Structure formats: C-alpha cells, structure tokens
Enquirer: 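Just passing along the structure, written as structure tokens.
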Amino acid sequence: VTPRRASERGGEEEPSPPPPKVELPLALSKLPPGRHRLPREFILANQRTRLLTAALGVFGERGFAKASVTSLIKEAGTSRTTFYTFFPDKEACFLATYELALEWLEASARTGIAEADTWPLQVRAATEQVLGLLAGDPRLARLCAVEVLLAGPLVHQRHDESVELAAGALRLGRAERPEAEKLAEFFERALVDGAGGLVANAVIAGQASSLSDLAPDLTELLLTIYIGPEEARRVARAGA
Amino acid sequence: MPSSGWIEAERRASFIRTAAALARDLGPGGVEASEICRLTGSEEPDFYELFDSAPDCLRQGIDDAHDRLLAPIRAADGRGEWLPETAWALAGFYAAIVADPLSAELALVHSYGVDRRRAVRAIDADVAELSRLIGHGRSAAAHLGSVLPPPITEQFYSHMVLGTAGENLRRGTLDRLAEEAATVAFLVGAAYLGTKETARILGERGQRP
C-alpha cells in the first residue's frame, strides 16, 4: 500500500455558483497603481475592507479549510505584506470577517426588534430578519452557520458569545410566563443550538436561499415554551 | 492467550484513538500516518494493513463513533411510554459521549474537516434516527389532544441534541451534559405534550431537570 499524505483528504466541496459581480464604491475598490496622494488612513481602510470583502467570498465559497492566504490576497487584489499588516494568519482574517457578519446580523435583528412592540413579535421579527439576511447571501450563511464551526478556537469563542447573546434575548421571554423563571439557565442556549443546526443543515443541503421559509416554523418553536403552542402559532403565522 | 482477532481489534482501536487525539490537538489536516505509528509504537506496514491512509483511519473512527453514540437512541424502539423512553435514550446518548469524549469529538466536531460529504451523510443519519424517536411524540400528543407542533420539530430537536453535544465537546464542559440531557428531554416533551404534562411525567420518574 502506498502511504498517502494526511492532507490528501477524501472530501470534495460542493460546487457553488459564482457570486454576482457588483460595482464597488471607491472605498472598496482596488486603488489605482502609482502615486495617488490619498490619505494613509483611507488607503489602510480601503485595503482592510477589500480583504474582508474578499474573505467573505473565499471563506463562504471554498470553506475555511480550503481557503488560503494566497486565494484571499488574489481575490482582494492586495499584496501578501498588506495581508500580514492586518492579520497574523488565516484564522484572524476569518475572525474579523465573522465579526463583521455578526455586526450585520445583530443590526438587522435590532431593526426588526425596534419595530415590534411585544416580546413574541420581537422574536418573530428578529428571526425573519436574520434568516432573510442569510438567505440573501449564501456565502454569508455558509460562513456564519457552517464554517464558523470548522475554524479555530478564537472563532469558536466568538461564536459562543453570539450564541449567548441570542440566548439572552430569548431569556427575556421568561417574563411572559411566571413558571419559566424556574427553567435551567441552559434552556435558551439549547433553543439557539437547535435553530443553528437547522440553518446549518439547510446551508449544507444547498438550500441557503430558502432559509426565509423556515421563519414561521422556527418562530413557533422558539416561542412555544414561553407563551404556549396556540399563541406561539398565532404569532408566528399572523399576516403570513 | 488472546486471539489474533482480539489483537487486531485492539491494534485498530489504538490507531483510531491516537488519530482522534491528533485530530483534537492539530486538526484533522495535521494527522499523519507516521505520527500515529510513532505514538502507538507501531510499524507503518501494520497501520497500512488496516487503513489506506490517515484520513481513512479517521473516517473509520468517525463511523465507529456514530454507531456507538447512537446505540441508545436505536435501542429505544417506541414500545415503552414515549417521553420517559426518550429521556432515557437521550441520557444514554450523552453518557456515551462522556464515556469516550475523544471519539465523540472526532465524530461530532472534526468530521467535516476529514470528509465533508461523509460527515454530512453521517449527521443526516443521526438526525433521522433521533427524529424517528422524537417523532413518536406526535402520537402521544394526539392521544392527549395537544396541538401538534410544526413539521420541522423533529429536525429542530435532533439538531439541538447534536448541537448541545458539540458545543460541550468544544468547550470541554462535559460535566454539564447530564443536566443538559434532562433539559433537552424536557424541551422535547414540552413541544408535544406541553410543559405541565411533561413536568408531571418526568417528575414522577425522577427525570425532571
């Protein structure tokens, strides 16, 4: 038997469609070569943003394991030196991209929450917003739901914090039902784990663009324990 | 004197344990056949008698682990009362993780990095097995006249079971699993039977979180 290198893995990536080409604003575009008298702060911000934009595409399409610094700088149109100015390694770049993705998701969820006046409606709005954003960009969905579990310990730690943030928002539902105060602290984390698993499953099955379809059922499942099955169904499907 | 079959099984288990430990410390991409042999004090031809490569060794370890972890779920054949049987099966699943966390981590955390397609198939099979058990809750709910939960309920709770296990393996908080097993069982029961009936049934059997 001929020994094979362990790095020659048997797994193959699912082919994914190429991302749509978009016109980038100047702040995100590759800068013209030569002297251009742009402020250093602008150049640095431009380079970092281009790297993060490229990272969303590379990590979200190839996955963390198959992405390389070479592919990241090629996609961003920057030099290797520029990459290492901002990030010590691939995991740090992934972490920065994930931080940015979480900012989008949290801002989107907060927008939904601000427009709802009761806690159950806030859960519904946040669920719809987050699933809508993920469905709108399958690369973002893969990065946040699947690749985050395959990256390194720093990313896991940040993922853990985001799970706890979502669990904290659900925990507010204990005020809806007095006996819910007695529930184990872990309760809401389990609900978030279930939701995360469903989303990851849909992404892996190539159904990221249909994630919004999950919103009514997922909302009902998240609310049932706090407001009962009938009311949870009514809230989840009102106006649907 | 041990039989040659026993020796081969022990040797195979030793290679897989070592590969799983390397995958935990270095990631699946860092597992090399030569290092497995060095750590087990074996010759490489002995390794290649059993496995095609280091990834093959990891793949066999992943298959073995899924098989072992899901045994308590498969054993719940639906002949007993649904909720207590489900609670026992889930407790058995989490106990199997605590009994051999290294192979559980290989199967539930690192398997995507070894062979993505195979990992997806294995997790799908786990979800199907868990969904079969959890789905018996529909008959119990219908019997009680409870509102039937939405169609994705079984998948949601199956992923909750696996996700909870994965999170604790990543964080190294296996001491929490027994309590969390009871909490997950309570949540599963409440989805079909409501919180009061679930608390009553699990409380009578000392299975309440």
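Keep in mind it's a predicted model, so treat the numbers as computed, not measured. Atoms considered below: every heavy atom in the structure, side chains included; atoms not considered: hydrogens, waters and symmetry mates.
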Enquirer: Working to the nearest 0.5 Å, report the span between CG of Leu214(A) and CD1 of Ile152(B).
Expert: 5.5 Å
Enquirer: Return the minimal non-hydrogen interatomic distance between Arg233(A) and Val147(B), and the atom names on each side.
Expert: NH1-CG1, 3.7 Å
Enquirer: Between Leu150(A) and chain B, which part of the residue has a heavy atom less than 4.5 Å away: side chain, backbone, both or neither?
Expert: side chain
Enquirer: With chain A, which of Glu35(B), His110(B), Glu167(B) has the greatest number of heavy-atom pairs at distances under 4.5 Å?
Expert: Glu167(B)
Enquirer: With a 4.5 angstrom heavy-atom cut-off, which part of Leu148(B) approaches chain A: side chain, backbone, both or neither?
Expert: backbone
Enquirer: Taking all non-hydrogen atoms of both residues, which atom of Thr195(B) and which atom of Arg177(A) are closest, and how far apart?
Expert: OG1-NH2, 3.3 Å
Enquirer: What is the distance from atom CZ of Arg189(A) to atom CE of Met160(B), rounded to the nearest 0.5 Å?
Expert: 12.5 Å
Enquirer: Out of curiosity, His159(B) NE2 to Asp193(A) CG, how far, rounded to the nearest 0.5 Å?
Expert: 11.5 Å
Enquirer: Less than 4.5 Å to any heavy atom of chain A: does that hold for the side chain of Arg176(B), its backbone, both, or neither?
Expert: neither
Enquirer: Would you say CD of Glu161(A) has more than 12 non-hydrogen atoms from neighbouring residues, nucleotides or ligands within 6.0 angstrom?
Expert: yes
Enquirer: Phe156(B) and Leu191(A): which non-hydrogen atoms are nearest, and at how many Å?
Expert: CZ-O, 3.6 Å
Enquirer: Which residue out of Pro150(B), Gly166(B), Cys57(B), Gly163(B) racks up the most heavy-atom pairs below 4.5 Å with chain A?
Expert: Pro150(B)
Enquirer: Supply the atom-to-atom distance Asp124(B) CG to Asn201(A) CG, rounded to the nearest 0.5 angstrom.
Expert: 6.0 Å
Enquirer: Report which part of Arg170(B) has an atom under 4.5 Å of a heavy atom belonging to chain A: side chain, backbone, both, or neither.
Expert: side chain
Enquirer: Tell me, yes or no, whether the heavy-atom count around Glu8(B) atom CD, taken from other residues, nucleotides or ligands under 6.0 Å, exceeds 12.
Expert: no
Enquirer: Evaluate whether atom CD of Gln157(A) has more than 12 neighbouring non-hydrogen atoms of other residues, nucleotides or ligands under 6.0 angstrom away.
Expert: no
Enquirer: Measuring from Gln155(B):CD to Asp217(A):CG, what's the distance to the nearest 0.5 Å?
Expert: 10.5 Å
Enquirer: Does Glu147(A) pair with Arg116(B) as a salt bridge, N-O distance under 4.0 Å?
Expert: yes
Enquirer: Would you find more than 12 non-hydrogen atoms of other residues, nucleotides or ligands less than 6.0 Å from Arg110(A) atom CZ?
Expert: no
Enquirer: Let me know if Ala195(A) has heavy atoms under 4.5 Å from chain B in its side chain, its backbone, both or neither.
Expert: both
Enquirer: What part of Val163(A) lies closer than 4.5 angstrom to a heavy atom of chain B: side chain, backbone, both or neither?
Expert: neither
Enquirer: Would you give the length of the straight line joining atom CG of Leu187(B) to atom CZ of Phe187(A), rounded to the nearest 0.5 angstrom?
Expert: 4.0 Å
Enquirer: Could you look at Tyr157(B) and say if it's the side chain, the backbone, both or neither that has a heavy atom under 4.5 Å from chain A?
Expert: side chain
